[in-house]
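Basis for what follows: all heavy atoms, side chains included, without hydrogens, waters or symmetry-related copies. By convention in this document, chain letters (A, B, ...) are assigned in the order of the sequence lines, proteins followed by strands, and residues within each chain are numbered from 1.
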Amino acid sequence: MALLEYKCPCCSGAIEYNSNVGKMKCPYCDTEFEMETLKEMDEAISEDTVNDDLSWDTKAGSEWSDADASGMVSYECKSCGAKITFDSTTTASSCPFCGNPIVMTAGFVGGLKPDFVIPFKLDKKAAKQAFNQHLQGKKLLPPVFKEQNHIDEIKGVYVPFWIFDSDADANMIFKGTKVRHYSSGSYDVTETNYYRVLRSGSMSFANIPVDGSEKMDDALMDSVEPFDVNQGVEFQSAYLAGYCADKYDVSPEESVERANTRVRNSTEAAFRATASEYTTLTTEANNIRLSKGRTRYALLPLWILNTTWNGEKYVFAMNGQTGKFVGNLPCDKGLYRKYLWSTVLIGTVASGIGWFVLHLLGIL
Amino acid sequence: MKKLIRTFLLAVLCTVVVSTAGYGVSAQADDTGNVNYKIGSGSTDIRRFYDEAGLIYDGNESEIEEKLRNLSDKYGVDVIVAFCSKRPSDYDSSYTDRDEVWRTQQFACDFYAWEDYYHEGNLSDDGLIFMLCDEDRTWAIESTGILENAIDHSSTDYIFDQIKSSLSDDLYTTAVDEFIEQAEIHFEGYRTGNAYVNGKHPQRLFDWGLRIVVWIVIGLVIGLIRVGSMKSQLKSVAVKTEASDYIVPGSFNLKNSRDFFLYKTVTRVKRESSSSSGGGSHHSSGGRSFSGGGGHY
C-alpha cells in the first residue's frame, strides 16, 4: 500500500491527519487544511507538472554564393577587432564602432549569409536631425557637449541580429494572498487568506531580436527596439551601398539565454495578469516548455554615432527603420548643483509660505 | 555658488524673522518702562507658596515666594502654588465619590476660595493656582476670572507638558520655576492680544528650528525630485528583460486556472486610546468659576 504524504504549503513540513480537529494539521506550524483541498491540489499539480525545456533550433543563415561575395569587400578594425562588410564600390577609412582606421582584408569574410535584411528607411539627414532633437530639452547636458560632437561621423550600419520565434507551454504555481482590513470593537483586524494559484496554458512569441555583435552594447541594442521584421527582404549586396554591415561574433547558441530570459519573464507576467484579484502573488514554480522554436539571422539597420567626452565614450544609435533614437548623455555636475540648490531654496521658501498660509487659514 | 548659498541663508533668516514677528512671545521686547502689564484687577499681599508636602528645600521657598509675588504684582493677578501632603479627600469628605484628578482640581479651586475667605474676600478676582498632591501623584492648574481667557484646558495640558519631566525626576523647584515661566508667557500672550488658548500654544525656538528643518527637507526632496527627473532625461538606454512586444496577438490560451484556499491568519491590534487629562470647568465652594485641567504625574 502506497503511503501518501502531503507537504505543508505553509512551511513544507510533513502534515498529518489530526482527529481532534478532523482536518490535516501541520505539526510544525499548526496550520490546518481540509483533506479534500490538499488531495485536489496535489492531483492538479501532478497533472500539470512539466519540466523546463527552453531549447531552440539555432540553425540560421545560409552559405554565401560567389555572386553575393563578389559584390562585397571586408575590412578589419585593428583597434576593436570589428569585421565590417562594405559593397565593393565603397572606400571605407574608419570603423563605425570605435572611429579608428580600418584596413581592407585579403578577401571577403562574411560568415553566414543573412536570412533577411531590413533596408534603411531613414537617411543620414534624418539621423542627424534625430540626434539634434535627442539633445533638445536636456537641461543637465553640458553645453560644450553639443559643440564638440562630430555629428557628421554618424554612420549607417547593418547590425547582425538573431531573430527568435517559438510557442511556449507553461505551468505556473503562485502563492496568493487576499488581505482584508476591518475594525472590530476596539481592535484593528487584518485578515489574510492564503491560496495556491495554479495556471497553465500556451502563447506564441515571434521575432524576438537579440543582437549578435559583441561590440554593440546589449542595452543599447535592446533600447532601439522594436523592428518591424515583416518588412524584411532577401539580402542583396546592393543594400550595402552607402552603408556597412557588421559580421556576427556572438553565435545564436550564445544568444539563446537572453531570449529565454525575456520569454520566461513575459510568460510569467501574462499568467500573473490572470490572477489580478490577489493582493500579493509570489511565484513558487515556473515551468516553460518551448516548441517550434526557430532562429533566423538578420541584418537590421542602425545609425551609429561614437563620441568621446571628458575621457568617456558615448554611443548613440537610431533605429534606421522607425527613427527611434537612444543613447545616454553626460551630466554637467555644475548645472546639477545649480538646479538642485536653486530648487531647494525655492522649495524651502515656498513650503514656509505655504505653512503660513495654512496657519492663517487655521488648517495648521 | 557662494552667492546662491548666501541668498538661501538670507531667505531662511527672513522666514524666521517674519515668522517670529507674528508670534512674538517675549514681554521684554516691549519693556520700555512705560508699558502697563496689568491684566487683572490687582494682586493681594498674601502668602503664595504652600509646601505642606515638604517637596522643596527650605532655602528655596522664599525665593519661589518672591518670584510668585513679582509675577502676581506685575500682571495684577494672584498666582498661588500649593503642594499638599494629604489626599484632597482627607481634607473634604465630599470629594470621595469622584476620581483622584477631579478631586485635586476641585481642591485647588476650593483652596483658592478658602484663601479668599481667609483674607476676607480681598483675593484678586483674577487668579491662578498650581497644585500638586504628592500622595496620589496628581496635579491641577486652575485659572479664574480674566485668567480663564489666558489659560484654558488646552493651555494647562501644554504647561504641564513643559514641566512634567522635572516632576518625574522629583525636581520640584525646577518645576515651579518652569510653571512661573509658562504662566508669564501665557499672561503676556493674553496681554498682547495673542492668548494661547483653544489649542494654540507658544512657539519656542526649538519649534521654529524643527519647522525650518522640515521646510528645508521638503525643499530638498523637491530639489532631488526635480534634478532626478532632469537626470533621468539623459538616460534612454536600458536592458530589456521581457518580450511582451513579441507576443503574437491572440496567441495566449489559458488552459487551466484553479485556485485553492489554504488557510487564513487573523491579526488583531488594539487601537491606542489617547489618555486625556481631566479638564472642564469647576466651581469652588464659594461659587467662583475656574477653568483648567489636571492629571497624574
Ile225(B) portion near chain A, given a 4.5 angstrom heavy-atom threshold: neither
Stacked cation flag Lys264(B) on Tyr194(A), 6.0 angstrom / 45 deg: no
Distance flag, aromatic centroids of Phe325(A) and Phe131(A), threshold under 6.0 Å: yes
Residue, of Ser184(A), Gly176(A), Pro209(A), that accumulates the most heavy atom pairs under 4.5 Å with chain B: Pro209(A)
Distance-only donor-acceptor check, side chains His181(A) and Thr190(A), under 3.5 Å: yes
Closest-packed option against chain A by number of heavy-atom pairs under 4.5 Å, given Asp245(B), Ile247(B), Val269(B), Leu254(B): Val269(B)
Ile39(B) vs Asp126(B) side-chain heavy atoms within contact, under 4.5 Å: no
Contacting moiety of Arg226(B), where chain A heavy atoms sit under 4.5 Å: side chain
Chain B contact via Lys175(A) - which portion, at a heavy-atom distance below 4.5 Å: side chain
Contacting region of Glu225(A) [heavy-atom separation from chain B under 4.5 Å]: both
Option from Tyr297(B), Phe179(B), Trp139(B) for which ring pair (Phe, Tyr, Trp, His ring centres under 6.0 Å) with Phe160(B) holds: Trp139(B)
Toward chain B, the part of Tyr278(A) with a non-hydrogen atom under 4.5 Å: side chain
Under 4.5 Å from a heavy atom of chain B, the part of Asp167(A) involved: neither
Segment of Thr274(A) engaging chain B (4.5 angstrom heavy-atom cut-off): side chain
Contact leader toward chain A among Val214(B), Ile222(B), Leu220(B), where contacts are heavy-atom pairs under 4.5 Å: Leu220(B)
Leading residue by heavy atom contact count with chain A [cutoff under 4.5 Å; candidates Gly223(B), Gly228(B), Ala238(B)]: Ala238(B)
